[in-house]
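In what follows, a structure is listed as structure tokens, so that the remarks can point back to it.
Per chain, numbering begins at 1; letters A, B, ... match sequence-line order.
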Amino acid sequence: MARPWSKSSVTPHPPAYAERLLAWFDLHGRHDLPWQHPRTPYRVWLSEIMLQQTQVRVVAPYFERFVAALPSVRALGEARLDDVLALWSGLGYYARARNLHAAAQRCIELHGGELPRDFDALLALPGIGRSTAGAILSQAWGDRFPILDGNVKRVLARHHGIAGWPGTPAVEKQLWRIAGSLLPDARMADYTQAQMDFGATLCTRHDPACVRCPVQDDCVALREGRVGELPTPKPGKPLPERQCHVLLSTDTQGRVLLQRRPPTGIWAALWSLPEADSHADAQAWIDAHVDAHGTNARTLGAIAHGFTHYRLTMLPLHWRGVAPRNAVRDAADLRWVSRDELQSLGIPAPIRKLLEADLS
DNA sequence: AATGCGGGGAC
DNA sequence: GTCCCAGCATT
């Protein structure tokens with residue numbers, strides 16, 4: 001199918017990424033956020049700080065109150081810290097408010113009571129990092145600097161198919177490079193806002209609206225069906241480890257002794273191998289339930305299995321040629337099972353795998 | 001490279 | 001309950 005741009009344009013190239021994003025922004029972007037009217041450096045700065053790790057809906061009322069009480073850099077710098085913190089109360093991350101206050105005072109000392117229009121000078125102010133400095137310069141002045149917040153990370157990770165958690169320096173470095181390579185020649189303020197609106201309302205974390213996406217044609221994640229798995233989520237805390245022995249008893253006819261699990265909990269009511277916490281417990285169980293003729297167990301290879309809330313390592317112990325005791329024949333939850341019967345029983349997958357590997 | 005910082009929203 | 005959010009500073 002012909003691309004719209006390949007018909008009439010003298011250039012064979014599709015519109016640049018930024019151009020498509022800006023066209024989307026004009027139609028579907030957010031144009032009435034409190035800090036956009038008027039879009040002064042002070043208001044942009046304040047909004048960017050408030051919006052760090054904080055959602056737009058939460059920030060809006062705080063922004064209105066704050067800027068009404070302290071309408072300028074100078075007013076902020078000359079206010080008492082307690083009053084600044086009171087205006088911040090409830091927003092969280094209070095270091096942001098302390099940094100804001102200190103930065104305003106430094107602007108009074110060094111920059112005539114205004115925010116400097118200089119990347120390094122902004123970066124030197126407390127609370128302003130690389131992304132916030134870029135956001136301020138681009139939004140307040142239209143200067144050509146990239147941003148890399150959570151929205152942009154998610155969008156670029158998908159659009160360029162970047163795997164790996166964006167919190168790692170290697171991935172972040174790559175994303176910064178891409179972000180810097182996509183900047184338009186004009187409309188930087190709108191472009192910065194467009195990226196954030198795009199990430200917040202269309203290329204969302206869950207259920208992004210790829211059908212309506214202005215850059216779907218060259219989205220790697222969409223093409224490769226990886227939208228749902230990008231960006232790679234932050235690695236969670238390691239799950240607790242549990243370990244147990246599983247007791248494999250086989251008789252001379254190749255039958256195996258299975259035990260029905262309790263009706264609740266993991267693998268409820270399935271047929272599995274008896275479990276024991278320790279080697280000694282395992283031996284005691286064997287002595288009590290089968291006649292192993294005093295033979296020792298053979299150790300089989302460990303089985304690792306992951307649950308949602310812990311990881312289980314099963315250490316199989318194998319007694320061969322054991323004979324059933326009379327009592328065992330009557331126990332309701334114990335059963336000698338031939339190989340052929342295994343497939344008709346409900347058996348946990350890792351246990352079944354062990355049995356099939358060992359009995360074959 | 002990993003953590004602390006905070007409250008709220010979405011699921 | 002979990003995970004994430006218009007990040008940055010500190011270790």
Side-chain angles (χ1 to χ4, degrees), chain A residues 21 25 29-31 33-36 39 41 43-63 66 85-103 106 119-120 122-140 145-158 164-173 175-176 179 188-209 228-240 307-310:
Chain A
L21 214 54
F25 172 73
R30 296 176 290 191
H31 301 275
L33 297 171
W35 38 92
Q36 294 175 323
R39 194 160 60 183
R43 291 163 62 93
V44 168
W45 173 40
L46 177 61
S47 71
E48 287 301 326
I49 301 300
M50 284 187 166
L51 286 161
Q52 288 170 4
Q53 301 298 108
T54 313
Q55 292 166 358
V56 166
R57 221 183 328 260
V58 178
V59 163
Y62 283 89
F63 177 86
F66 197 103
L85 288 170
L87 289 165
W88 205 270
S89 177
L91 254 192
Y93 281 156
Y94 296 92
R96 293 185 295 176
R98 286 188 288 272
N99 286 336
L100 200 64
H101 187 236
R106 208 177 299 179
F119 184 83
D120 292 323
L122 284 175
L123 205 56
L125 294 172
I128 298 181
R130 184 173 174 184
S131 187
T132 299
I136 293 170
L137 289 173
S138 61
Q139 300 232 66
F145 290 89
I147 61 168
L148 192 65
D149 57 20
N151 286 314
V152 179
K153 285 176 179 174
R154 180 174 58 257
V155 169
L156 294 184
R158 283 178 178 157
W165 178 50
T168 66
V171 176
E172 195 163 309
K173 185 179 174 185
L175 293 173
W176 270 114
M188 269 304 304
D190 284 346
Y191 177 67
T192 292
Q193 186 64 43
Q195 290 177 91
M196 299 190 285
D197 289 359
F198 178 61
T201 68
L202 199 154
C203 194
T204 50
R205 187 160 62 88
H206 297 296
D207 198 23
E229 59 194 65
L230 293 177
T232 307
K234 174 180 179 167
K237 287 166 67 173
L239 297 173
F307 296 100
T308 52
H309 43 305
Y310 65 92

Atom pair CG (A:D190) and CZ (A:R39), whose distance is rounded to the nearest 0.5 Å |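 Reported value, rounded in 0.5 Å steps: 5.5 Å.
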Roughly how far apart are A:Q52 CD and A:T54 OG1, rounded to 0.5 Å?
->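 Here the rounded value is 8.0 Å.
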Between [M] and [N] - [atom1] atom distance, rounded Å:
N: B:dG4; M: C:dC3; atom1: P; result: 16 Å
N: B:dG8; M: C:dC8; atom1: P; result: 23 Å
N: B:dG6; M: C:dT10; atom1: P; result: 14 Å
N: C:dC5; M: B:dC5; atom1: C1'; result: 14 Å

Which ones in residues 193-204 of chain A lie close to DNA chain C, meaning a heavy atom under 4.0 Å from one of its atoms?
->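 Heavy-atom contacts with DNA chain C come from A:Q193, A:M196.
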Heavy-atom closest pair, residues [X] and [Y]:
X: A:P166; Y: A:K153; result: CB-CD, 3.9 Å
X: A:Q195; Y: A:I147; result: NE2-CG1, 3.9 Å
X: A:I128; Y: A:A133; result: CG2-N, 3.6 Å

Starting at CG of A:L122 and ending at P of C:dA6, how long is that distance when rounded to a whole Å?
->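 Computing the A:L122:CG to C:dA6:P distance gives 22 Å.
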Provide, to the nearest angstrom, the distance between the CG atom belonging to A:N151 and the C1' atom belonging to C:dC5.
->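 After rounding, the gap between these two atoms is 8 Å.
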Mutual orientation of the aromatic rings belonging to A:H31 and A:F25 [parallel < 30°, tilted 30-60°, perpendicular > 60°] =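 Aromatic pair A:H31/A:F25 classed tilted.
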For C:dA6, does OP1 or OP2 lie under 4.0 Å from any side-chain N or O of A:S131?
->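 Answer is no, no contact under 4.0 Å.
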Verify, without hydrogens or angle tests, whether [X] (side chain) and [Y] (backbone) share a donor-acceptor contact under 3.5 angstrom.
X: A:Q36; Y: A:L33; result: yes
X: A:W88; Y: A:G92; result: yes
X: A:R43; Y: A:P34; result: yes

When every nucleotide of nucleotides 2-11 of chain B is labelled 5' to 3' by its protein contacts under 4.0 Å (heavy atoms), B for base, S for sugar-phosphate only, - for none, what sequence of letters results?
-> ---BBBBSS-
Short N/O separations, protein against nucleotides 9-11 of chain C, under 3.5 angstrom:
from: C:dA9; atom 1: OP1; to: A:G127; atom 2: N; distance (Å): 2.8

When we call it a touch if two heavy atoms are under 4.0 Å apart, what does A:V152 touch: a base, just sugar-phosphate, or nothing?
->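 Nothing, no heavy atom under 4.0 Å.
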When the ring centroid of A:F63 is compared with that of A:W35, is the distance short of 6.0 Å?
->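 Between A:F63 and A:W35, the centre distance is under 6.0 Å.
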State whether a side-chain donor-acceptor pair under 3.5 Å links A:R154 with A:N151.
->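 A pair is found: one side chain offers a donor N or O, the other an acceptor, under 3.5 Å apart.
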